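As the structure is a prediction and not an experimental result, all values here were calculated from the model. In the text below, chain A, chain B and the rest are named by the order of the sequence lines, each starting its count at 1.
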Protein chains: 2
Amino acid sequence: MATIRDAARAKPMDERRPAAERVQRPHAKTTERREAVLKAAMNVFGARGYNKGALVEVAEQAGMTHAGVLHHFGSKEGLLVAMLKYRDGEEVAGVPARAQAEGPAFLAHLVDTVDENTRRRGVVQAYSVLSGESVTDGHPAHEYFQTRLDVLRVKIAGVLGEVSGNTDEQELLDSASALIAVMDGLQVQWLLNPDAVDMPRIVSRTLDEIVARLRAQAGA
Amino acid sequence: MATIRDAARAKPMDERRPAAERVQRPHAKTTERREAVLKAAMNVFGARGYNKGALVEVAEQAGMTHAGVLHHFGSKEGLLVAMLKYRDGEEVAGVPARAQAEGPAFLAHLVDTVDENTRRRGVVQAYSVLSGESVTDGHPAHEYFQTRLDVLRVKIAGVLGEVSGNTDEQELLDSASALIAVMDGLQVQWLLNPDAVDMPRIVSRTLDEIVARLRAQAGA
DNA sequence: ATCGACTTACTTACAAGTCAGTAAGTATGC
DNA sequence: GCATACTTACTGACTTGTAAGTAAGTCGAT
């Protein structure tokens with residue numbers, strides 16, 4: 001997104017900060033309106049991707065003009081980043097115990113999430129599209145997915161260690177990588193052919209296998 | 001890409017077919033030039049994605065103008081489809097025995113490919129970006145990836161059956177889905193953090209586990 | 001072998017549209 | 001009265017695709 005030409009075009013840093021970053025927040029319904037925009041962004045970026053998803057369409061779905069969206073988030077990139085953060089926050093707020101759960105509970109929640117996802121196609125599509133796009137040069141979500149995956153890998157490796165009693169760090173990280181890969185990879189397959197792939201069944205079976213093998217290795 | 005407006009704008013069907021589809025192919029170096037364009041397309045679409053990848057950049061890398069590219073492939077969509085087909089053909093031609101291999105040899109070749117891919121970042125990136133994009137509404141590569149995954153799933157399930165002696169169709173297809181998911185999912189993780197993920201090791205270990213479990217089930 | 005008819009492989013120039021971002025104004029809550 | 005939450009109007013950059021022209025390759029008939 002950020003090319004050399006963009007830098008040349010940029011105006012001297014004046015008061016261009018988006019509304020949300022400012023100190024005061026006078027209007028009562030501001031948070032509400034911003035959420036409407038963020039939800040619209042999920043729809044549009046999920047359906048069309050970040051590059052092809054247009055601000056006008058996001059704005060329309062939120063009931064304002066595209067300039068209104070830019071008023072709130074400063075730039076298209078700002079909107080995407082805000083949307084990603086919002087999504088994370090919502091998941092934590094909506095299902096508070098999930099991310100904080102420890103041990104077996106965390107793994108159970110992982111499988112539950114996969115099951116819920118079969119009824120939330122839009123969310124799955126947004127995740128798959130954006131994580132695919134994020135590996136391109138200079139994509140605004142690059143860092144987000146990078147740290148997300150790193151954090152998740154370490155977290156899962158830790159829990160797998162707890163559950164299995166295995167202490168081989170490399171083995172635990174590899175297993176975590178494989179589990180994440182199965183979940184993410186299946187999403188794409190499921191989106192392209194929902195009838196051919198039973199995500200929850202395959203994920204839970206894979207998880208069982210991984211834990212069983214880690215236990216066996218720990219015992220040996 | 002194909003909207004209602006396109007249909008209205010379309011000229012009466014005259015001689016608008018791209019060069020390649022015509023009967024005669026006069027110039028000797030045509031195939032060579034077309035290949036140069038297709039390779040450029042791999043680079044550009046791999047680095048930026050299909051939506052953000054511009055024809056001008058493809059053309060530049062191939063040493064012509066964007067109108068020249070359109071002369072050969074008719075449209076941007078035509079170029080992408082041709083590129084996808086070319087890639088498949090090249091793989092078969094470059095490693096003739098690979099796709100046709102049966103039984104254990106096929107599985108060994110899968111792992112070999114993963115290993116090779118660690119030295120072909122561009123190819124991996126193109127595949128990951130485009131397969132992610134392909135789940136969006138009306139993406140030109142949607143059908144390509146849909147059938148590619150379906151074919152691969154059935155093929156792998158068949159080979160897993162041969163190798164393990166297991167005859168549970170559902171189980172074999174699930175295992176195939178999981179194996180494909182691991183390979184595809186790891187690619188994204190590897191692209192985002194190459195040092196954190198050892199693709200060949202994890203894939204071959206996953207494959208071993210899958211075969212072992214299918215054998216155990218078959219024996220029971 | 002070579003001449004002429006035709007096709008191919010491009011180029012430059014343009015059309016038409018899309019998109020993010022800016023500037024300036026208005027209305028409304030605080 | 002002042003910042004906020006917008007809107008309208010506009011700009012400029014970039015897009016794909018088309019039209020028209022030119023040079024060169026190919027081929028059949030001589």
Side-chain angles (χ1 to χ4, degrees), chain A residues 1-34 36-37 41 44 48-60 62-80 140, chain B residues 1-12 14-34 36-37 44 48-60 62-80 140:
Chain A
M1 194 91 245
T3 66
I4 297 158
R5 273 184 296 279
D6 290 330
R9 207 195 306 149
K11 290 290 170 61
M13 289 276 280
D14 50 358
E15 181 64 48
R16 285 199 302 130
R17 230 169 281 275
E21 287 179 29
R22 273 169 233 164
V23 202
Q24 237 173 341
R25 171 124 21 118
H27 289 203
K29 285 193 280 189
T30 293
T31 318
E32 208 173 303
R33 305 285 300 139
R34 280 173 53 87
V37 175
V44 174
R48 309 217 192 288
Y50 172 75
N51 284 320
K52 210 185 177 191
L55 285 182
V56 255
E57 203 179 340
V58 174
E60 251 168 41
M64 65 177 77
T65 63
H66 90 277
V69 172
L70 289 172
H71 164 71
H72 283 295
F73 299 98
S75 69
K76 190 188 184 184
E77 189 170 327
L79 172 62
L80 178 67
Chain B
M1 199 88 241
T3 66
I4 297 156
R5 272 187 298 280
D6 289 331
R9 207 196 307 150
K11 291 289 169 63
D14 50 0
E15 181 67 47
R16 285 199 303 130
R17 230 168 282 274
E21 289 179 27
R22 271 170 235 165
V23 203
Q24 236 173 339
R25 174 124 18 117
H27 288 199
K29 286 193 278 188
T30 293
T31 316
E32 209 174 301
R33 305 293 344 253
R34 281 173 52 90
V37 175
V44 174
R48 308 221 191 286
Y50 172 74
N51 284 320
K52 208 183 179 195
L55 286 180
V56 255
E57 202 179 340
V58 174
E60 250 166 42
M64 66 177 78
T65 64
H66 89 277
V69 172
L70 289 171
H71 163 72
H72 283 295
F73 299 98
S75 68
K76 191 188 182 185
E77 189 170 326
L79 171 62
L80 178 67

query = Between C:dG21, C:dC30, D:dA5, which one does the side chain of A:Leu55 approach most closely?
reply = C:dG21
ask   = What is the distance from CD of A:Glu32 to C1' of D:dT4, rounded to the nearest Å?
value = 16 Å
query = Is B:Lys52 positioned over the aromatic face of A:Tyr50, cation under 6.0 angstrom from the ring centre and no more than 45 degrees off axis?
reply = no
message = Starting the side chain at C-beta, find the nucleotide from D:dT4, C:dT8, D:dG17 nearest to B:His71.
response = C:dT8
note = Sorted by position of nearest nucleotide on DNA chain D, 5' first, the leading residue of B:Gly53 and A:Met64 is A:Met64
ask   = Under 4.0 angstrom, heavy atoms only, what part of the nucleic acid is A:Ala67 near: base, sugar-phosphate, or nothing?
value = base
Length of the CG-C1' vector between B:Leu70 and C:dA9, whole Å = 13 Å
key: Gap between atoms NE2 and C1', on B:His66 and C:dA15 respectively (whole Å)   = 11 Å
message = From CZ of B:Phe73 over to C1' of D:dG17, roughly how many Å is that when rounded to an integer?
response = 16 Å
ask   = Atom NE2 in A:His71, atom CZ in A:Arg34: separation rounded to 0.5 Å?
value = 9.5 Å
task = Give A:Gly78 one of three labels, base, sugar-phosphate or nothing, depending on what nucleic acid heavy atoms sit under 4.0 Å from its own.
result = nothing
inquiry  = C:dC10, OP1 or OP2 - any side-chain N/O from B:His72 closer than 4.0 Å?
reply    = yes
remark   = Taking every heavy atom of B:Val37 against every heavy atom of B:Val58, the minimum-distance pair comes out as O-CG1, 3.8 Å
Pairwise distance CZ(A:Arg33) to NE2(A:His27) - rounded to 0.5 angstrom = 12.0 Å
query = NZ of A:Lys29 versus C1' of D:dC6: gap in Å, rounded?
reply = 13 Å
ask   = What's the closest nucleotide to the B:Thr65 side chain, out of C:dC30, D:dT8, C:dT12?
value = C:dT12
request  = Grab the CD-P distance between A:Glu57 and C:dA20 for me, whole Å please.
outcome  = 11 Å
query = Does any N or O in the side chain of B:Lys76 come within less than 3.5 Å of the main-chain N or O of B:Ala54, such that one atom is a donor and the other an acceptor?
reply = no
task = Rounded off to whole Å, could you give me the CG-to-C1' distance for the B:Leu79 and D:dG17 pair?
result = 14 Å
task = Could you state the atom-to-atom distance from CG of A:Asn51 to P of D:dT15 in whole Å?
result = 12 Å
query = Do any side-chain nitrogens or oxygens of B:Arg33 fall under 4.0 Å of OP1 or OP2 in C:dA9?
reply = no
query = Counting only side-chain N and O atoms of B:His27, is one of them less than 4.0 Å from OP1 or OP2 of D:dA24?
reply = no
query = Among the nucleotides C:dA9, C:dA20, D:dG17, which one has an atom lying closest to any side-chain atom of A:Ala54?
reply = C:dA20
